[in-house]
Asks: 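The structure that follows is given in the form of structure tokens.
None of the values given here were measured: they were computed from a predicted structure. Naming convention: chains lettered A, B, ... in sequence-line order (proteins, then strands); numbering from 1 in each chain.
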Amino acid sequence: MIRTRFAPSPTGYLHIGGVRTALFNWLFARGQGGQFILRIDDTDQQRNVDEALQPILDGLKWLGIDWDEGPIVGGPYAPYYQSQRLQRYQDAVQKLLASGHAYYDYATTEELQAEREAAEREKRPFRYSRRFMAQTAEQRTKFEAEGRQAVVRLKMPTQGTLVLDDLVRGRVEFEWAREQDHVVQRTDGTCLYHLANVVDDHDFQITHVIRAEEHLSNTPRQVFIIEALGYPRPAYAHLPFVAEPGSRNKLSKRKLDKYLKNRDFAQLVEHGRTIAEAIGHSTDADSFNPVIVDFYRTVGYLPEAIINYMALLGWSLDDKTEHFSRQELIEKFSLERVVKSPASFDPKKLQAFEDRHFQLLPQQQKIELTTPFLEKVGLVKSPPTADEQRMIDAVVAAARDRIKVAGDILAFPDFFLKDEELPYDEAAFEKCLRAGEGRALLSSFRERLAAVESFDVDQLEAAMKQFVADQQIKIGQIIHPVRVALTGKSVGLGLFDTLAILGRERSLRRIDRALARA
RNA sequence: GGCCCCGUCGUCUAGAGGCCUAGGACACUGGCCUUUCACGCCGGCAACACGGGUUCGAAUCCCGUCGGGGUCACCA
């Protein structure tokens, strides 16, 4: 049984790079009929773990990355929180000590630092001398009599080579002599990450460790612990980083200011901000940031689109297939086709996937996704009345591909506003209704509209064509004034759709109001 | 700095010695469609980091150089 895991720290947010790691683990497990485990790498010092964990759990859930064991769902190897497994780690340390794979070390930070500096001066690689290593009870007593405190260090091999067959990187070799005697237990008795990590992976029966490349250099010490403890070695797959837009640096939450200088990135944020502000969602950089998954949920992106895009950041099926459903990804994903080089995050391409996935949605689903945004800003009641619902349906249908994320529905508020409260884009109003003959044409077209037999798209269009022919004008001369009168704006849905949705009464009322104002 | 990883259009990638005068997608751009916006359609721009080998033949193999990144904690 293949078992993979994702092990986030409760940091309060789900990072986009973390999503990619979680996704690959999840896809691999699901595709192989295996299991995906969520383990929480918290430490006992951390407070508010639940609070800091919730956004991560929510984010994963929203993306549809579900876990077979872990927080909330539990599982046979519980607990899944590192902070509750300290005893396991300490037992492991005792085993390492007993078998001679680790030792108590009484060096102080200063003494270690001195050795390090000496090595630096002599331009040789640093390796701890083990001067304060205690392997017997007498030695321990002696050091302790000097008031020293012990950490536990790994007693790493001094020769030989570790050969790692990484599933994405291939054969990677490390010389043991270059590895340090890493600390696995602090003076206060708590254990360090690498030890905990190895013990947990073993306890949870993880078969494939799929993680970011930054852990590649850490693997030798983990392998050492694994072997010292007599555990089976899991398969490793080290994923390339998700890099910043336009660079090879690791994507970071903290560098939003810098990314904002990237035009595409700025556009993504700007678009999102418009929607977030409308619905009264905080837009401060700490929580509202495209590096954090919550951003996309707030603005109304589709999880499928994010998943599709993220999957292609470092993986491909072939030379042409790009659009994948979740199920297709599960079926087609393989570690063999993960690329080795880092992939930079491209906001424009993400948007392209969003556009496409949203386009393909059935009308009903678009309605369900967009309605909450109208409710949040109070343009419709919650839940909408029957009339409002009809209006939503009509607007979503007429909007066609203009809605790319669910929040885009807010670009068409005019239909939901009272006729007498419609605001006008002054520049557009001036140009279309006050300058030239816009007002006069509108006034005369108003009578045609009043007389149209049935207020549907076909008849409205016919009426306008007739009007244009009679007046010997170009269609633009009348269309734009009508649009501004109806919506207050110079851009929007198809004009005949707009008229039909508003209906005769409201359309005429809006036109009259604009005429009176012009 | 030591060690490790990586290096094909601006970006994501295809490419496992001849199918490559390097393919697809996004972006950009010219045009068409059109009542605005959006969609859609047609076209264009644009890359094998560099230098040596090996070979009849190299983006693909080897060596070196350069560049980028990661890692070297009593962080995770």
Side-chain angles (χ1 to χ4, degrees), chain A residues 7-11 41-43 45-46 82 105 107 109 112 116 119-120 123-126 149-153 164 166 168-170 172-175 177-180 182-188 190-194 196-197 212-220 238 240-241 243 245-250 263-264 309 312-323 337 339-353 355-356 359 399-404 408 411 428 432 461 464 468 474-480 482-484 487 489-496 498:
Chain A
S9 291
T11 51
D41 279 12
D42 56 349
T43 61
Q45 293 98 317
Q46 269 174 302
Q82 283 196 334
D105 179 58
T109 314
L112 227 36
R116 230 177 238 122
E120 180 118 4
K123 293 203 192 307
R124 59 177 164 80
F126 166 70
Q149 288 187 307
V151 296
V152 176
R153 285 185 186 276
L164 210 62
D166 191 278
V168 341
R169 257 137 239 285
V172 183
E173 296 185 13
F174 296 91
E175 282 190 48
R178 306 264 176 211
E179 295 297 317
Q180 304 294 331
H182 296 280
V183 172
V184 288
Q185 188 178 70
R186 301 182 179 93
T187 46
D188 68 2
T190 58
C191 295
L192 272 79
Y193 170 74
H194 293 289
N197 185 58
E213 183 191 340
E214 60 189 299
H215 290 286
L216 185 55
S217 318
N218 298 332
T219 309
H238 285 95
F241 284 112
S247 110
R248 296 268 113 134
N249 293 354
K250 195 170 108 174
R263 196 187 62 185
D264 298 342
Y309 173 68
L312 259 15
L313 221 46
W315 174 84
S316 70
L317 177 66
D318 55 29
D319 58 342
K320 39 185 69 83
T321 321
E322 294 222 294
H323 183 94
R337 292 199 57 87
V339 294
K340 295 186 175 81
S341 50
S344 34
F345 178 79
D346 181 352
K348 275 282 207 300
K349 188 131 188 176
L350 203 201
Q351 187 61 48
F353 278 101
D355 293 357
R356 182 149 166 67
Q359 255 180 26
R400 295 163 183 269
D401 298 333
R402 276 167 271 239
I403 298 176
K404 299 161 188 294
D408 283 341
C432 296
E461 184 162 4
M464 175 152 310
V468 166
K474 287 198 286 192
I475 196 161
Q477 288 176 270
I478 181 61
I479 281 224
H480 298 302
V482 176
R483 185 193 306 286
V484 172
T487 67
K489 302 192 189 85
S490 55
V491 298
L493 307 184
L495 186 69
F496 306 115
T498 303

Asks: Is the base of B:C37 touched by the side chain of A:R402 through a donor-acceptor pair closer than 3.5 angstrom?
Replies: yes
Asks: So, does A:S217 get its side chain near the phosphate of B:C5, meaning an N or O under 4.0 Å from OP1 or OP2?
Replies: no
Asks: Return the nucleotide paired to B:A16: Watson-Crick means purine N1 to pyrimidine N3 with N6-O4 or O6-N4, wobble means G-U with N1-O2 and O6-N3, both under 3.5 Å.
Replies: none
Asks: Let me know, please, whether A:R169 or A:P240 comes out on the 5' side of the other along RNA chain B by nearest nucleotide.
Replies: A:R169
Asks: Phosphate oxygens OP1/OP2 of B:G1: is one of them under 4.0 Å from a side-chain N or O of A:R124?
Replies: no
Asks: Sticking with atom P, work out how far B:G44 lies from B:G24, rounded to a whole angstrom.
Replies: 10 Å
Asks: Who does B:G40 pair with, Watson-Crick or G-U, both distances under 3.5 Å?
Replies: B:C32
Asks: Do the side-chain N and O atoms of A:T487 and A:R483 include a donor-acceptor pair separated by under 3.5 angstrom?
Replies: no
Asks: Return yes if a side-chain donor-acceptor contact under 3.5 Å exists between A:Q359 and A:D355, otherwise no.
Replies: no
Asks: Just compare B:C6, B:G2, B:G24 and give me whichever is closest to any side-chain atom of A:K349.
Replies: B:G24
Asks: Any side-chain N or O of A:N218 below 4.0 angstrom from OP1/OP2 of B:U71?
Replies: no
Asks: Give me the distance, rounded to whole Å, that separates B:C3 from B:G64 when you measure between the P atoms they each carry.
Replies: 13 Å
Asks: If only side-chain N and O atoms of A:R337 are considered, is one of them under 4.0 Å from the OP1 or OP2 phosphate oxygen of B:C12?
Replies: no
Asks: Contact class for A:Q82 vs. all strands (heavy atom < 4.0 Å): base, sugar-phosphate, or nothing?
Replies: sugar-phosphate
Asks: If I pick the P atom on B:C28 and the same atom on B:A38, what distance separates them, to the nearest angstrom?
Replies: 11 Å
Asks: Less than 4.5 Å apart, any side-chain heavy atom of A:R169 and any of A:P240?
Replies: yes
Asks: Check every strand shown and say whether A:F174 touches a base, only sugar-phosphate, or nothing at a heavy-atom separation below 4.0 Å.
Replies: sugar-phosphate
Asks: Under a 3.5 Å cut-off for both distances, is B:A25 Watson-Crick or wobble paired, and to whom?
Replies: B:U11
Asks: For A:Y309 and B:A27, give me the distance from atom OH to atom P, rounded to whole Å.
Replies: 12 Å
Asks: Within the 4.0 Å heavy-atom criterion, would you say A:K404 contacts the bases, only the backbone, or no part of the nucleic acid?
Replies: sugar-phosphate
Asks: With a 3.5 Å cut-off and just heavy-atom distances, do the side chain of A:H194 and the base of B:A76 make a donor-acceptor pair?
Replies: yes
Asks: What is the distance from CZ of A:R248 to P of B:A49, rounded to the nearest Å?
Replies: 12 Å
Asks: Using Watson-Crick or G-U wobble geometry with both distances under 3.5 Å, which nucleotide pairs with B:G2?
Replies: B:U71
